[in-house]
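A short write-up of the structure that comes next.
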There are 2 protein chains.
Amino acid sequence: MRDNCNRMREKARASGVIFRPHVKTHKTVEGARMQHGGGFGPITVSTLAEAEFFAAGGFRDITYAMPIAPEKLWRAAELASRIDRLNLLIDSEPALRAMEERGHPFDVFLKIDCGYHRAGVSPDSPDSVALARAMLQSPVIRFQGLLTHAGHSYNARNIDDVRRIAAEESACLTRFRALDEELSPLIRSVGSTPTASVVKSFTEVDEVRPGNYVFYDAFQTSIGSCNIDDVAVSVLATVVGSYPERRSAIVDAGALAMSKDLGAGHIDPDVSFGIVCDVDLNPLPVRLTALSQEHGKLEGIAHLPVGTKVRIIPNHSCLTSAMFDAYHLIDGGKVVDEWKPVRGW
Amino acid sequence: MRDNCNRMREKARASGVIFRPHVKTHKTVEGARMQHGGGFGPITVSTLAEAEFFAAGGFRDITYAMPIAPEKLWRAAELASRIDRLNLLIDSEPALRAMEERGHPFDVFLKIDCGYHRAGVSPDSPDSVALARAMLQSPVIRFQGLLTHAGHSYNARNIDDVRRIAAEESACLTRFRALDEELSPLIRSVGSTPTASVVKSFTEVDEVRPGNYVFYDAFQTSIGSCNIDDVAVSVLATVVGSYPERRSAIVDAGALAMSKDLGAGHIDPDVSFGIVCDVDLNPLPVRLTALSQEHGKLEGIAHLPVGTKVRIIPNHSCLTSAMFDAYHLIDGGKVVDEWKPVRGW
């Protein structure tokens, strides 16, 4: 985890961009400080509860990287007045109006859709430029920049796909900014772990916001963002049922421990729910083939007697981590600390 | 929820069987009491943390319906000594030995595999009879009964499939008990919401343990366990992005609010991640097609402006409910109470 944090921070530093890592993967103050080499630099969050939690933990420059629900603007205004900066996100004119009605001088980014087609305005539409101009001219809000997230990098099948999407992610904001001279002072903020991991340096952008790289996971390994040795989180489980006659076993880590994320099913439709390893993280010849609420079903040739401990590398570390009330930090084979994440909305 | 609770309890009472509902779906003391019409009857739990929580809440007869990890036997012994009964589960000779080594007079059920092939011993194997005899003769444990769970009822495609599996579930324990005269005093305990919902009465069993019926969900509706009007839990979400030009919208309920359970994908491979309704629970012509950590993507013909409230019926109420720190209880259209579930292991 420390290596992952240092490598990404150093890449951002060497590229001369603002480093505003996402903290939603681990949701801990300690983890966010490790991302910043011990400091309290700019961060990105995915819920208002996270924003409030990290503000209480000492972080004073926070981007809430999701379009905010109008009924939560009062909470955002209250928080914004207590820290140096709370950046919010909008991608529509009604959202801008709702912010102006609230009357708080919010710092705001315009969300641009760089091809993921989840949220964000089209970078090629005149309506998007009109919205950007309305934001520039707003008597209430402060328009800070353009933000995009290449979530479609998660559909990549290999590292070349990821590289192509990384180039699009950056180019898209530069292209949009060029549509109107008045837009040129706007910050270009990008962020996704696959794209941030595969590029040698960050170009054509002003700010980067990767998050999952802190832990990585089985999925990121599949698409080429990292090696399996880089994955820094796992679930320790115990074999509670062993059925050698049907080459299966049951561990006490089910859907509520692992999450039901299917991982890189677009590459291997028969993908396991995680990579099952021994306690030293050597992969075992078994697959986690099914999850019910508290049962995980292992199938394969390894005979694992009742009581055997396994460590399971999750498909999606963000979702798996959110299932737990604490992390046990391991250094040199020993548990050296316990970190508590925030939860909820 | 109250109707679901009353209907199932009444069916058990009329059938003359022990009613030991599972509480893992809601994980609240209040919900477990509603399952028992206000009382503190026998319950079934899925984690030791639940057993401890419900014991503290006043429940004194608890079955932990999962093979226990050997290293947790000390916790189980400690809890067992504080309540009237803690039933544990085993399905192997090593597990029996581990209990005997602990030396506590545990109450124990033998888990039988009635066709789900997750945990449990085969009902047709001489080895299973030998294990049952060893349990009867154990100088330490008290062998109480046989327990099975027809989890394969969740693979049913319709109500006729569920009925067939319900018949197998009961018959399997009766058949096993008949293999040896000494086994005849053992309790036969079955439980799965699909099978318990479709049978008119419980026959050939002594105890039933359904759990999901408290809330039901979109999945149970698909396989015929219930009608959509019976589903008693939903997630209230807000539209935070609206993209009529691409017939989509974003709600602030993603994978951490809904869980990534695919629901009845074996019936409809294109199944949505939940049934999206208006606040009065009328289904809307949109589908929840994708979930990322905090974003839910809606696609369909309904135009839902930013700020619109929707209620989403989950695919799997057990997994969705576990994502929240509280339930808002609604009666007559008003929030009348808040319940807090237990969490963790």
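Just so we're on the same page: letters track the sequence lines, and every chain starts at 1.
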(Q) Test side-chain contact (heavy atoms from CB on, under 4.5 Å) on E71(A) and K309(B); report intermediate values, then the result. (A) CA-CA 11 Å; E71(A) 74 269 22; K309(B) 296 280 183 186; 2.5 Å; yes
Q | Test item: Q293(B) side-chain N/O and S46(A) main-chain N/O as donor-acceptor pair under 3.5 Å | A | no
Q: Apply side-chain contact (heavy atoms from CB on, under 4.5 Å) to L256(B) and L319(A), showing your working.
A: CA-CA 7 Å; L256(B) 286 194; L319(A) 300 193; 3.7 Å; yes
(Q) I'd like to know whether K72(B) forms a side-chain contact (heavy atoms from CB on, under 4.5 Å) with D252(A), so could you lay out the CA-CA distance, the side-chain angles of the two residues, the decisive distance to 0.1 Å, and finally the verdict. (A) CA-CA 11 Å; K72(B) 288 185 176 166; D252(A) 59 356; 4.1 Å; yes
Q: Check each atom of Y154(B) against the heavy atoms of chain A and say whether the ones under 4.5 Å are side chain, backbone, both or neither.
A: neither
Q: Just give me the residue among A322(B), G241(B), A98(B) that pairs up with chain A most often, heavy atom to heavy atom, under 4.5 Å.
A: A322(B)
(Q) Taking every non-hydrogen pair under 4.5 Å, which of A119(B), G307(B), P70(B) racks up the most with chain A? (A) A119(B)
Q.
Let's test your reading of the structure: which of M323(B), K297(B), M66(B) forms the most heavy-atom pairs below 4.5 Å with chain A?
A. M66(B)
**Q.** Contacting moiety of V251(B), where chain A heavy atoms sit under 4.5 Å
**A.** backbone
Q) Based on non-hydrogen pairs under 4.5 Å, which of P94(A), A95(A), S242(A), A257(A) is most in contact with chain B? A) A257(A)
Q) At what distance, to the nearest 0.5 angstrom, does CD of E245(A) lie from OG of S125(B)? A) 7.5 Å
Q: Against chain B, work out which of S122(A), G120(A), G254(A), S92(A) has the most heavy-atom pairs shorter than 4.5 Å and name it.
A: G120(A)
Q: Heavy-atom distances under 4.5 Å only: say whether K24(B) touches chain A with side chain, backbone, both or neither.
A: both
Q: Could you check if a side-chain atom of R246(B) sits within less than 4.5 angstrom of a side-chain atom of D113(A), using non-hydrogen atoms only?
A: yes
Q. Is the closest side-chain heavy-atom distance between L262(A) and L262(B) below 4.5 Å?
A. yes
Q. In Å and rounded to the nearest 0.5 Å, what is the OH to CG distance from Y243(A) to D91(B)?
A. 3.5 Å
Q.
Taking side chain as everything from C-beta outward and backbone as N, CA, C, O, which of these in I250(B) sits under 4.5 Å from a heavy atom of chain A? Side chain, backbone, both or neither.
A. side chain
Q. What residue, out of E294(A), K260(A), R118(A), has the most heavy-atom pairs lying under 4.5 Å from chain B?
A. R118(A)
Q: To the nearest 0.5 angstrom, please state how far the NE2 atom of H316(B) sits from the OG atom of S292(A).
A: 8.5 Å
Q: Name the region of A237(B), side chain, backbone, both or neither, that has any atom closer than 4.5 Å to a heavy atom of chain A.
A: neither
